[in-house]
Amino acid sequence: QAALPAVNGTRLRPGTVCYAIARGETVMGATLQTVKATTANGAPAWDVVVHQRVGDKFDLRDHFVLRQKDLAPIAFDSRKSGVEHVRVVYGPGKLVTTRPGAAPVEIALTGPVWEGNLWGLTFAALPLKEGAHFELPFYQYDKGLGRFRLDVVGSEKVGDREAWVVETGGDRKVRYLIGKADHAELGYAGGGFAQRLGGDCSGIQ
């Protein structure tokens with residue numbers, strides 16, 4: 001059992017970033033990621049929206065409310081093509097998942113968990129350094145309880161920015177690029193797909 005790393009959510013910065021979703025050299029769609037400061041349960045929090053769109057075929061909008069100091073999840077909801085798909089509310093010692101037309105499902109928690117749908121920003125809040133290994137428990141509404149296992153495997157340049165290369169995903173490796181200076185999510189690649197800075201997010205909110 002690896003000790004829980006110190007997740008520092010104050011490393012994140014508010015703002016809006018657009019990414020291109022690509023397969024090989026073909027751009028298929030875009031992701032708009034928005035981070036805003038808010039308050040929840042009387043404490044500073046982040047309101048995060050990750051909205052992906054690929055043509056007319058795929059439209060997924062994930063919305064997170066996270067405690068600012070450590071990214072502990074407070075609430076999550078997801079919409080597919082504008083229709084609510086799932087909702088998760090986190091509370092002391094439990095979480096409750098609700099889907100339209102189904103009874104709520106409650107799961108007891110014996111310790112902290114993070115949101116299993118938010119990868120890059122969660123990784124950006126970790127104390128990344130060369131050769132570091134991290135394990136972080138998560139909840140994901142389809143997979144249930146699990147663990148992020150990730151390694152910092154090197155450095156890379158994204159434009160003029162230095163980035164850590166963070167590898168995760170077990171047998172199906174996914175590599176995230178996290179800015180060294182500003183802890184920004186600069187893109188990822190894995191499974192034949194990639195997400196990189198500079199997409200066209202017109203029409204995405």
Is a side-chain donor or acceptor of T34 paired with a backbone partner of T16 at a separation under 3.5 angstrom?
->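 Not a single qualifying donor-acceptor pair exists.
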
Who are the salt bridge (charged side-chain N to carboxylate O under 4.0 Å, His left out) partners of R13, not counting sequence neighbours?
->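 With neighbours one apart ignored, the set is empty.
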
Residues which pass salt bridge (charged side-chain N to carboxylate O under 4.0 Å, His left out) with D200, listed by chain and number, not counting sequence neighbours =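 In terms of salt bridge (charged side-chain N to carboxylate O under 4.0 Å, His left out), with neighbours along the sequence ignored, D200 is linked to no residue.
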
Is there a side-chain contact between [X] and [Y] in this structure, where contact means two heavy atoms from C-beta onward sitting under 4.5 Å apart?
{"X": "F134", "Y": "R149", "value": "no"}
{"X": "V166", "Y": "D151", "value": "no"}
{"X": "V27", "Y": "R196", "value": "yes"}
{"X": "I74", "Y": "L66", "value": "no"}

What's the verdict on side-chain contact (heavy atoms from CB on, under 4.5 Å) for F64 and L121, showing C-alpha distance, side-chain angles and the deciding distance?
-> CA-CA 11 Å; F64 310 81; L121 290 179; over 6 Å; no

Do any side-chain atoms of residues 36-58 form donor-acceptor pairs under 3.5 angstrom with protein atoms, and if so which ones, sequence neighbours left out?
{"from": "W46", "atom 1": "NE1", "to": "G9", "atom 2": "O", "distance (Å)": "2.9"}
{"from": "D47", "atom 1": "OD1", "to": "H63", "atom 2": "NE2", "distance (Å)": "3.3"}
{"from": "D47", "atom 1": "OD2", "to": "H63", "atom 2": "NE2", "distance (Å)": "2.9"}
{"from": "H51", "atom 1": "ND1", "to": "Q205", "atom 2": "O", "distance (Å)": "2.6"}
{"from": "H51", "atom 1": "NE2", "to": "D59", "atom 2": "OD1", "distance (Å)": "2.8"}
{"from": "R53", "atom 1": "NE", "to": "D59", "atom 2": "OD2", "distance (Å)": "2.8"}
{"from": "R53", "atom 1": "NH1", "to": "G203", "atom 2": "O", "distance (Å)": "3.0"}
{"from": "R53", "atom 1": "NH2", "to": "D59", "atom 2": "OD2", "distance (Å)": "3.0"}

Measure centre to centre between the rings of W119 and F148, then say whether the value is under 6.0 Å.
->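 So the answer is yes for these two rings.
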
Partners passing side-chain hydrogen bond (donor to acceptor under 3.5 Å, both in side chains) against S78 (at least two apart in sequence or in another chain) =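 For S78 the side-chain hydrogen bond (donor to acceptor under 3.5 Å, both in side chains) partners, ignoring immediate neighbours, are D62.
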
Connected-component partners of I204 among ILVMFWY, side-chain separation under 4.5 Å =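 Grouped by the 4.5 Å side-chain rule, L32 form the rest of the cluster around I204.
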
Does V165 sit in a hydrophobic cluster with other residues, and if so which ones, taking ILVMFWY side chains as linked at heavy-atom separations under 4.5 Å, directly or through other members?
->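 Direct or chained contacts put V165 with V17, Y19, V153, V158, L177, L186, L197.
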
Could you tabulate the donor-acceptor pairs under 3.5 Å formed by side-chain atoms of residues 96-111, not counting sequence neighbours?
{"from": "T97", "atom 1": "OG1", "to": "Y139", "atom 2": "OH", "distance (Å)": "2.7"}
{"from": "R99", "atom 1": "NH2", "to": "Y141", "atom 2": "O", "distance (Å)": "3.1"}
{"from": "R99", "atom 1": "NH2", "to": "D142", "atom 2": "OD1", "distance (Å)": "3.1"}

Name all residues meeting the side-chain contact (heavy atoms from CB on, under 4.5 Å) criterion together with A189; count only those two or more places apart in sequence or in a different chain, and write none if there are none.
->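 In terms of side-chain contact (heavy atoms from CB on, under 4.5 Å), with neighbours along the sequence ignored, A189 is linked to A194.
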
Could you tell me which residues satisfy side-chain contact (heavy atoms from CB on, under 4.5 Å) with E130, sequence neighbours excluded, listed by chain and number?
->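 Once residues adjacent in sequence are excluded, the partners of E130 under the side-chain contact (heavy atoms from CB on, under 4.5 Å) criterion are S155, W164.
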
Can you tell me how far CG of L136 sits from CZ of R147, rounded to the nearest 0.5 angstrom?
->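 Rounded to the nearest 0.5 Å, the CZ-CG separation comes out at 8.0 Å.
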
Could you give the side-chain donor-acceptor pairs of residues 84-95 under 3.5 Å, partners two or more places apart or in another chain?
{"from": "E84", "atom 1": "OE1", "to": "R87", "atom 2": "NH2", "distance (Å)": "2.7"}
{"from": "E84", "atom 1": "OE2", "to": "R87", "atom 2": "NE", "distance (Å)": "3.3"}
{"from": "Y90", "atom 1": "OH", "to": "E115", "atom 2": "OE2", "distance (Å)": "2.7"}

Inter- and intrachain pairs under disulfide (SG to SG under 2.5 Å), touching residues 98-205, at least two apart =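 For residues 98-205, and leaving out neighbouring residues, the disulfide (SG to SG under 2.5 Å) pairs sorted by first residue read C18-C201.
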
Within residues 157-166 or reaching into it, pairs that qualify as salt bridge (charged side-chain N to carboxylate O under 4.0 Å, His left out) - sequence neighbours excluded =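 Non-adjacent pairs meeting salt bridge (charged side-chain N to carboxylate O under 4.0 Å, His left out): R161-D182.
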
